[in-house]
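Input: a single structure, listed below in structure tokens.
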Amino acid sequence: MTRIAVYPGTYDPVTRGHIDICERALKVFDHLVIGVADSPSKIPYFSIDERFDMLQTVFASNERISIKPFSGLLIEFARECGADVILRGLRAISDFEYEVQLAGMNRSLASEIETVFLTAAQRYAFVSSSLVREIASLDGDVSEFLHPDTLARLSEKLKNTQ
Ligand code: COA
């Protein structure tokens with residue numbers, strides 16, 4: 001049986017924190033589907049196509065990872081992918097309350113799908129996409145937190161929008 005997990009997020013943009021969770025998840029699951037959420041309520045900085053492209057570049061060489069955009073309910077997306085697991089990363093205790101709420105709600109909507117948590121590596125425990133964007137927009141160095149391609153695209157976009 002192939003064990004498929006869905007790893008959903010907005011990825012605005014993907015960071016090394018997300019990459020770290022994906023790499024470790026492949027020790028547990030056979031295949032990972034990275035679900036790029038539309039997330040219109042977050043008013044993402046990058047379009048869904050841009051976020052998708054950045055993830056494609058980061059994981060291009062990995063046959064065990066596929067990238068798919070989605071809008072609508074996460075549990076429906078997971079079902080479409082044939083996944084029985086939703087993967088989430090926990091960075092700090094502050095993530096816990098929201099994550100438990102999300103997992104509980106998803107379980108009540110789809111009892112056959114389990115949510116599994118992996119803890120973020122300590123060095124990325126404080127990373128978030130919006131903090132990375134903010135620091136970069138103020139000319140701070142975020143190269144430690146981004147894949148070189150993502151860094152280049154963020155720099156380019158900031159240059160064109162400032
Ligand atoms: N490393 C680095 N950053 C991380 C991280 C990690 N391991 N895990 C999370 N983050 C960051 C994200 O980049 C994001 O940063 P930002 O807020 O600065 O943009 C932040 O932590 C929050 O991430 P997350 O909790 O994953 O939110 P999200 O917006 O990325 O994804 C969805 C939320 C998509 C999973 C959720 O909205 C969803 O399921 N939507 C579909 C609709 C649905 O089904 N709703 C009902 C749910 S019960």
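In this text the structure is predicted, and so the values were computed from the model without any measurement. Position 1 is the first residue of the sequence; numbering continues from there. One-based numbering, in listed order, for ligands and for the atoms of each.
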Would you tell me which option among [options] has the nearest heavy-atom contact to [atom]?
atom                    : options             : value
atom 41 (C) of ligand 1 : P8, A125, G72, G104 : G72
atom 17 (O) of ligand 1 : K42, R16, R107      : K42
atom 1 (N) of ligand 1  : P13, G35, G17, S39  : G17

Taking 4.0 Å as the limit for heavy-atom contacts, which would you say applies to [X] with ligand 1: side chain only, backbone only, both, or neither?
X   : answer
L73 : both
H18 : both
T15 : side chain
Y98 : side chain

- prompt: Would you say the side-chain atoms of S130 and Y45 include a donor-acceptor pair closer than 3.5 Å?
  reply: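 Judged by distance alone, the side chains do not pair up.
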task: Look at the side chain of R24 and the backbone N and O of I19, then say whether any donor-acceptor pair between them is shorter than 3.5 Å.
output: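 Absent.
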message: When you measure from the side chain of D30 to the backbone of R3, do you find a donor-acceptor pair of N or O atoms at a distance under 3.5 Å?
response: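 Flag set: sc D30 to bb R3 pair under 3.5 Å.
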message: Is there a polar contact, in the sense of an N or O pair closer than 3.5 Å, between L102 and ligand 1?
response: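 Among all N and O atoms of L102, none is under 3.5 Å from an N or O of ligand 1.
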- request: Determine whether more than 12 heavy atoms belonging to other residues, nucleotides or ligands lie under 6.0 Å from atom CD of E76.
  value: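 Counting neighbours around CD of E76, more than 12 heavy atoms of other residues, nucleotides or ligands fall under 6.0 Å, so yes.
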- prompt: Does CZ belonging to F96 count more than 12 external heavy atoms closer than 6.0 Å?
  reply: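 Atom CZ in F96 is not packed in, count stays at 12 or less.
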- prompt: Counting only heavy atoms on the protein side, is anything nearer than 4.0 Å to atom 35 (C) of ligand 1?
  reply: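 Given the 4.0 Å cut-off, atom 35 (C) of ligand 1 counts as touching protein heavy atoms.
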Below 4.0 angstrom, N of the basic side chain to O of the carboxylate: do [X] and [Y] qualify?
X    : Y    : result
R133 : D12  : yes
R153 : E156 : no
K68  : E80  : no

For [X], take its heavy atoms, then give the atoms of ligand 1 lying under 4.0 Å from any of them.
X    : value
M105 : 48 (S)
S130 : 16 (P), 18 (O)
R88  : 24 (P), 25 (O), 26 (O), 35 (C)
T10  : 28 (P), 29 (O), 30 (O), 31 (O)
A37  : 34 (C)
L74  : 39 (O), 43 (C), 44 (O)

message: Heavy-atom contact check, 4.0 Å cutoff: does N106 meet ligand 1?
response: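 Right, N106 reaches ligand 1.
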query: Nearest protein heavy-atom contact for atom 11 (C) of ligand 1: which residue, which atom, what distance?
result: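 For atom 11 (C) of ligand 1, the nearest protein heavy atom is R91 NH1, 3.3 Å.
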